[in-house]
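In what follows, every chain begins at residue 1, and chains take the letters A, B, ... in the order their sequences are listed.
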Amino acid sequence: MKVSMTINGRSVDADVEPRTLLVHFIRNDVGLTGTNVGCDTTNCGACTILMDGESVKSCTVLAVQADGASITTIEGLAEPDGPMHPMQEAFRENHALQCGYCTPGMVMAAVSLLQENPSPTEAEVREGLEGNLCRCTGYHNIVKAVLAAASAPGGPK
Amino acid sequence: MSILGNRVLRKEDPKFLTVGGSYVDDLPLEGAVHVVYARSTMAHARIGGVDKSEAEAAPGVLAVYTAADIDLAPIPNGAPFGNPAMTRPWLADGVVRYVGEPVAAVVAQTRAQAVDAAEMVIVDYDPLPAVVDPEAALRDETLLFPEAGTNLVMTFPDALAGIMLPAEAADQDEGIFDDCEVVVARRIVNQRVAPCPLEVRAGAASWTEGRLTQWATTQAPHGVRDTLAQSLGVDPTAVRVVSPDVGGGFGAKIGAYPEELFLAWISRALGRPTRWVETRSESMTNLGHGRAQVQDVRIGGTRDGRILAYRLDVIQDSGAYPAIGAFLPMFTRTMLTGVYDVPKVYFKARSVATNTTPTVAYRGAGRPEATAAIERAIDLFAAEIGMDPADVRRRNLVGKDRFPFTTPTGTVYDVGDYERALDLVLEAADYKSLRKEQARRRQSGDASQLGIGLSVYVEITNGLPGSEFGSVQVRPDGKVTVRTGTSPHGQGHVTSWAMLVSEQLGVAVDDIEVVHGDTDVVPRGVGTYGSRSLQTGGVAVNQAAGQVVEKARQLAADLLEASPDDVVLDKAGGRFHVAGTPAVGRTWSELAQAAGEGGLSAETDFTAPGPTFPFGAHVVVAEVDTETGRVRISRVVAVDDAGRILNPLLAEGQIHGGIAQGVAQALMEEVVYDEDGNPVTSNLADYEFVSAAELPAFETIHMETPTPLNELGAKGIGESGTIGSTPAVQNAVVDALAHLGVRHVPMPATPERVWRAIAESRAGGNS
Ligand code: FES
Ligand code: FES
């Protein structure tokens, strides 16, 4: 089946099998491997992207369902040679990543969280990230980074 | 000013944050075919036959292999000193022994084709009785390996006799409790958990001109190389293992798994590169599990709180094919008495095979089990004599003037100050006020009761002796390449090792490249596990850096026509000059060029004189809803002393991650099988992987007692958080209910278990 969508500002047209998941399309067909797969039951959030501005677990969407949509993955969050997005910056400043596997999904989920709630409490951040699992950081520094991004000058974005 | 001890941000991060890491499944591999394994749906069965004809005829399929096709020797028992009759076939051979065991390998052009074809492999199973409970397995009524004649893999301390036990440390007999006024006993289950690195297992293999390149998500690439060479019957120099970015390991990715090793065999057979990635559901039943001990604990002492004797009898579940998990009671024994000075002890352990996923090392690997046992025992003892658990602990701690301290099981602790750790944590938690608040809630009969849980721990890091490789090379452009045999997968060695080199050479951290995880580039290495990296690999790099400075000084002296003793390194400028005449000098770049071919370099293999023993004390505050059994952890206060800290930012990260996993074991996570051996928790929907919502922010308190065993003063920090936190959480839950007569709540302390403990004690039973 034919699909066309915009990924990180670039338009993409392809022919996919109807059962292709969006995450596999992004990784295998488009070749953007920043978005990861950590489970097969939609629990881990490693595959989180923005679809038309909202965070979505891309393993829960078929590529054909994203036809016409505008997708942002971790690779598209900041300009390739420009400065990092404030959320990326906050993750670095606060050591909110270790192995990095959850990170792209976590950052995208965090960006979306602040879009919906620009000044969350710590509890709201924790609740808001419940669907994104991290095995390395114990979440402490992730929560800290999101709170820091929320109060950063110019943030949240 | 020294860079050591500073909160230096990670060099690794920008890539992970902007384009993501390069994990095995991210790598392009031209012409690769895809492997998917057909897996056992039975816990124990004879294989009547495997019909692979339909799968072979399916679209895109190149080959389907079963045990009958394989010409490799079986995989030896992975438990050192384990029963040699318990070998593992590459693919199930005649019998399946756990649900998920690979039975056939399906190779196809695309992954989707391989997945479809794997479902067409028809296995004719003739069910055998399954044995899931390790205590039942010990009765040998159902045997996993009839040729072994028993399910017993090994017993301790017998397995260690002659190799590690100093003669004087032989375990004493059972009369050890004769002098005790009070003796408390309890059966404690340290439940089976799943390590769950966020990246599952994956691999790829490719042969070019008789040489294999294998991509592995591993903590120990050189070990994988050697295992591959041995399995395939080729020389290690014919194998290159590349471990790109690795999405967590936690011990479960130390050894290589049959499914990944077999990729190389398939690739050789087909003459095509192969690749494989498992699903999370496959991972939950095949990536090794952790813990899985049943413990009989007995503790005795005087009414005024002096502990006189301690006994631990362990049954270790090894799963179907004994691997390193079966051997881990060795570390439980090593750390038997923890931070306490206990005159008389007895230890015994038996590892036993069951029809379950094999057990391996998981963050702590044998030591959390020791700590959980004695820390729970101390609380049971304190409750029995009616003394504050903090006081019982203080009364029995090994004093700080007694190091090096030899424990009754022959372990030599390097250095520690346990009482100070306890003082610090009690003060930071404001223990007295917490007890007051607890008393208030008890008095008012509040539905939400407060529990205060303590643990004081010591653990062993770099516990398996071995050397580690490090090299430092100054390139002609004045920048530096560091090679390390450690294999970081989140620990931040790229930053930490650069800090060590920067400190000695005066070259900026950004100009120092750290290379790891490629056996062609790093000639030797052991890897990253057992919290060994900084105290072995870090020290090696540090020593190599020192040697490079000396070589450069010599060279600069020659060029400046001065005595080497007069030549100094100006670290701020990255330049050597004669003392007193800074105007004339040589930069790193000039010296590297002058040194000719290869620049200036040095390499070392460092072997530590012994393991080190980080320690600490944790206080956990739990709010327990006595009506629903729900537990909420409101505070975790942690003092963790891992010797001198190189980068506090990274050390704290290790502690945070460790605490989360430790809390998760105490409260939530458990791998469950039904009585037929079917896994009940075989995906992330059913397994209670801890999330941000169940955890509080952690309060970490610094304490540094440098070890004399290495020049950095560093101990390991990777596992301490897990070891300290689990018993503190469990003790907090029990403490919240102590006034109701509850003495124990099994892990994980789910609402149902907590509720049941309350109900039982209200009904008059002693839980
Ligand atoms: S891959 Fe786990 S939620 Fe999508
Ligand atoms: S950083 Fe490893 S899973 Fe989050």
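The contact list for residues 129-137 of chain A toward chain B, using heavy atoms and a distance under 4.5 Å, reads A:E130, A:L133, A:C134, A:R135, A:C136, A:T137 by residue number. Heavy-atom proximity under 4.5 angstrom to chain B picks out A:L97, A:Q98, A:C99, A:G100, A:Y101, A:C102, A:T103, A:P104, A:V107 from residues 97-109 of chain A.
For the options A:E127, A:K144, A:R19, A:H95, heavy-atom pairs under 4.5 Å to chain B are most numerous at A:H95. Interface remark: of the candidates B:G721, B:A697, B:P28, B:G249, B:A697 forms the most heavy-atom pairs closer than 4.5 Å to chain A. Ranked by heavy-atom pairs shorter than 4.5 Å toward chain A, the options B:G657, B:A660, B:G20 are led by B:G657. The choice from B:D25, B:I659, B:V200, B:D245 that makes the most heavy-atom pairs within less than 4.5 Å of chain A is B:D25. Contact count against chain A (heavy-atom pairs under 4.5 Å) is highest for B:E199 among B:R111, B:R363, B:E199. Note: B:G653 leads B:G653, B:G248, B:P197, B:G21 in heavy-atom pairs under 4.5 Å with chain A. Of all the listed residues (B:A112, B:C196, B:S22, B:P14), the one sharing the greatest number of non-hydrogen pairs under 4.5 Å with chain A is B:C196.
Judged purely by atom type and a 3.5 angstrom limit, B:E719 uses its side chain to pair as donor or acceptor with the backbone of B:G364.
The pair A:R27-B:D26 meets the salt-bridge criterion, with a side-chain N (NZ, NE, NH1 or NH2) lying under 4.0 Å from an Asp/Glu carboxylate O. Between B:E652 and B:R7 there is a salt bridge, since at least one side-chain N of the basic residue sits less than 4.0 Å from a carboxylate O of the acidic one.
A donor atom on one side chain and an acceptor atom on the other are not found under 3.5 Å apart for A:S112 and A:Q115. Side-chain N/O atoms of B:E278 and B:N286 include no donor and acceptor closer than 3.5 Å. B:S281 and A:D40 are linked by a side-chain donor-acceptor pair at a separation below 3.5 angstrom, with hydrogens and angles left out of the test.
Ring geometry for B:H656 against B:F698 counts as tilted: the plane angle lies between 30° and 60°, on a 0 to 90° scale.
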Kindly indicate, with the supporting measurements, whether the criterion side chain to side chain contact (heavy atoms under 4.5 Å, CB included) is fulfilled by A:E75 and A:V30.
-> CA-CA 12 Å; A:E75 291 94 337; A:V30 186; over 6 Å; no

